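Notes for the one structure printed next.
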Amino acid sequence: MKDSSENFDLNKTLGFNLNRLSILFRRNLIRALKEYQLQPEHWQVLASLHGQKKPISQGELAKVTLKDKHALSKMLVRMENSGWILRENHPEDTRIKLVVMSQKAEAEFECIRDNLHAHFRTMMEGFGRKNHDELLQLILKLLAFVEEE
């Protein structure tokens, strides 16, 4: 009987390659955000807050960043100390912290976003718009499936 592990090739597995891709994209994002002294999770928070008509709770931001509430709280303190966000108590429940973009973040958001778009556009030039759109749709389907589990 043939041992099925003989043909196993880690480089041909979805999870391994998605993880590697995630790590490489994160490294690129870190490089692109370095001049602003932001981390990728900081950018996720700012992008989530941008254009919101009302503050977002830390609990909602924990879902976006996939961070536990304690780790997110520590990160938000650092972002507040750096002038990127403001935190305030919920008017009806002081246990809930609400988060809004600071004036600094509002003023710099579009510049940061445009620089990120340019950085990744340059990196992805050879991939093609059609491939990009198709891959994004597949990733969104996969995310929806995995998030249900």
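Since we're looking at a predicted model, the values are computed, not measured.
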Quick check against the 3.5 Å criterion: does [X] have a side-chain atom that pairs as donor or acceptor with the backbone of [Y]?
{"X": "Asn17", "Y": "Asn11", "value": "yes"}
{"X": "Gln39", "Y": "Ile30", "value": "no"}
{"X": "Lys104", "Y": "Ser82", "value": "yes"}
{"X": "Glu147", "Y": "Ala144", "value": "no"}
{"X": "Asn19", "Y": "Gly15", "value": "no"}
{"X": "Ser73", "Y": "Lys69", "value": "no"}

Distance check, rounded to the nearest 0.5 Å: Asp114 atom CG versus Arg121 atom CZ? 8.5 Å
In terms of hydrophobic clusters joined by side-chain contacts under 4.5 Å, are [X] and [Y] together?
{"X": "Leu98", "Y": "Leu76", "result": "no"}
{"X": "Phe120", "Y": "Phe127", "result": "yes"}
{"X": "Leu143", "Y": "Leu29", "result": "yes"}
{"X": "Leu49", "Y": "Val77", "result": "no"}
{"X": "Leu14", "Y": "Phe145", "result": "yes"}

For [X] against [Y], the heavy-atom pair lying closest together:
{"X": "Ile56", "Y": "Gln52", "value": "CD1-CG, 3.6 Å"}
{"X": "Val64", "Y": "Gln44", "value": "O-NE2, 4.1 Å"}
{"X": "Gln37", "Y": "Trp84", "value": "O-NE1, 4.5 Å"}
{"X": "Gln58", "Y": "Leu72", "value": "O-CD2, 3.0 Å"}
{"X": "Glu92", "Y": "His90", "value": "N-ND1, 3.0 Å"}
{"X": "Leu10", "Y": "Phe16", "value": "O-CD2, 3.3 Å"}

Side chain to side chain contact (heavy atoms under 4.5 Å, CB included) evaluation trace for Ser48 with Leu61: CA-CA 8 Å; Ser48 297; Leu61 290 172; 3.9 Å; yes
Criterion side chain to side chain contact (heavy atoms under 4.5 Å, CB included) on Phe25 and Arg20, from CA distance to verdict: CA-CA 9 Å; Phe25 261 79; Arg20 286 182 56 80; over 6 Å; no
Could you walk me through whether Val100 and Ile85 satisfy the side chain to side chain contact (heavy atoms under 4.5 Å, CB included) test, starting with their C-alpha distance in whole Å, then the side-chain angles of each, then the deciding distance to 0.1 Å, before giving a yes or no? CA-CA 6 Å; Val100 295; Ile85 61 162; over 6 Å; no
For atom CZ of Arg113, decide whether the heavy atoms of other residues, nucleotides or ligands shown that lie under 6.0 angstrom number more than 12.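 Atom CZ in Arg113 is packed in, count exceeds 12.
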Output, in order, the C-alpha distance, side-chain angles, deciding distance and verdict of ring pair (Phe, Tyr, Trp, His ring centres under 6.0 Å) for His50 and Phe109. CA-CA 8 Å; His50 182 70; Phe109 182 85; 3.8 Å; yes
Assess whether side chain to side chain contact (heavy atoms under 4.5 Å, CB included) is satisfied between Leu33 and Asn115, documenting all intermediate values. CA-CA 9 Å; Leu33 290 169; Asn115 286 341; over 6 Å; no
Regarding Arg26 and Glu41, does a basic nitrogen lie under 4.0 Å from an acidic carboxylate oxygen? yes
